[in-house]
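Down below is the structure, laid out as structure tokens.
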Amino acid sequence: MKNFTSVQDVQDINALALEGLSLKQSPFSNKAIGENKTLGLIFFNPSLRTRLSSQKAAQNLGMELFVMNIDKEGWRIETEMGVLMDGDKAEHIKEAAGVISQYCDVLGIRSFPGLTDRNADYSDHILQSFLDFASVPIVSLESATRHPLQSLADLMTIKEHQTNAKPKVVLTWAPHPRALPQAVPNSFAEWMNQADVDLVITHPEGYELDEQFVGNATVSYQQDEALQGADFVYAKNWSSFQQYGKILSTDSNWTITREKMALTNQGKFMHCLPVRRNMIVSDAVIDSPASLVLEQANNRTFAMQAVLKSILESN
Ligand code: SN0
């Protein structure tokens, strides 16, 4: 694998997920592969799981690591081309990417969308600039449009917990007080389209995701109907793609409660975290044995480990 920025970078998602699960069984079996290699992690936005699981994954492979919260610790970065830099931005992304990539062998980038200009966000300009101007492989740590490491960990978690050959997976919108990116649901849908699952996406009207991610999923505005017989309930809030970045609903009827889970086939509850308790999901559900949220977070380490191993082996 050259870079890891979307499902398209992966030849066989099932093989990669199984590799992750096998690394989970013996995390230190490939210590030599990362010798004298450095992973760089650059964050334009906050992180807990991504930062720490990536650090652990690198250590498990014998890699060195550096982390920078570039939005707080670096110079302000100019991301546009051909501009007169006479304002408060001291450093251009072209030099930043070129320089940082000289200090590492694999470079992870996190950059959220602004949620005001849809075309700008969906061009994934910051991630793309690093792909263009860095000299090493790039791993997306969540871009404006996708969160592929999360999706890989989610696929691993589904594989570990599925009880039938083709589980019904329901991606459901749930209410949230802030406008959030579409990256997690986009990416989850994109990966589930390639997985051996029956994917249903449910949300209120106006929350349709970009078609390129929906693929062959069944889309429904009726959450109760969608949840019938679900094996996995993947809850996530996102802001509107059509009325870009807007909050159109905070309807608490979409919160995942015990009553909602009772409609499922003894379904498991999933969320990428961080999660707003009693907005997205009731305490009773997230604290129940049906909740896989900690498993998902645990699998983030081995998802990253599988990705790094694959990149180190082929570059
Ligand atoms: C991010 C998102 O894409 O939705 C990261 C998820 C992995 N989530 C948030 O920004 C949550 C912020 C909040 O206020 O709850």
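Ligands are counted one by one from 1 in listed order, and the atoms in each one are counted from 1 as well.
Checked against a 3.5 angstrom limit, the closest N/O atoms of R110 and ligand 1 fall outside it.
When the options K236, Q182, R276 are ranked by their closest heavy atom to atom 15 (O) of ligand 1, first place goes to R276.
Between the side chains of Y221 and E208, a donor-acceptor pair is found at a separation under 3.5 Å. Side chains of N45 and D71: no donor on one and acceptor on the other come within 3.5 Å. Defined by atom type and a distance below 3.5 Å, a donor-acceptor pair is missing between the side-chain atoms of S220 and Q222.
At a 4.0 Å heavy-atom cut-off, ligand 1 does not touch T50 at all. At a 4.0 Å heavy-atom cut-off, ligand 1 touches H176 through the side chain alone.
At least one heavy atom of L273 sits less than 4.0 Å from an atom of ligand 1. Proximity of P181 to ligand 1 is established by a heavy-atom distance of less than 4.0 Å.
Below 30°, between 30° and 60°, or above 60°: for Y122 and Y244 the angle between ring planes is above 60°, a perpendicular geometry.
Hydrophobic clustering keeps L180 apart from Y234 (ILVMFWY residues linked when any side-chain heavy atoms are closer than 4.5 Å, directly or through intermediates). M1 and I138 fall into different hydrophobic clusters, defined by Ile, Leu, Val, Met, Phe, Trp and Tyr side-chain heavy atoms under 4.5 Å apart, directly or through other members.
When hydrogens are left out, the protein atom nearest atom 12 (C) of ligand 1 is R178 NH1, 3.3 Å; that is the closest non-hydrogen contact.
Here is the list of ligand 1 atoms found below 4.0 Å of a heavy atom in L180: 4 (O), 9 (C), 10 (O), 11 (C), 12 (C). If you number the atoms of ligand 1 from 1 as listed, the ones under 4.0 Å from a heavy atom of E142 come out as 2 (C), 3 (O), 5 (C), 6 (C), 7 (C).
Checked for salt-bridge contact, K24 and E295 meet the test: a charged N lies under 4.0 Å from a carboxylate O.
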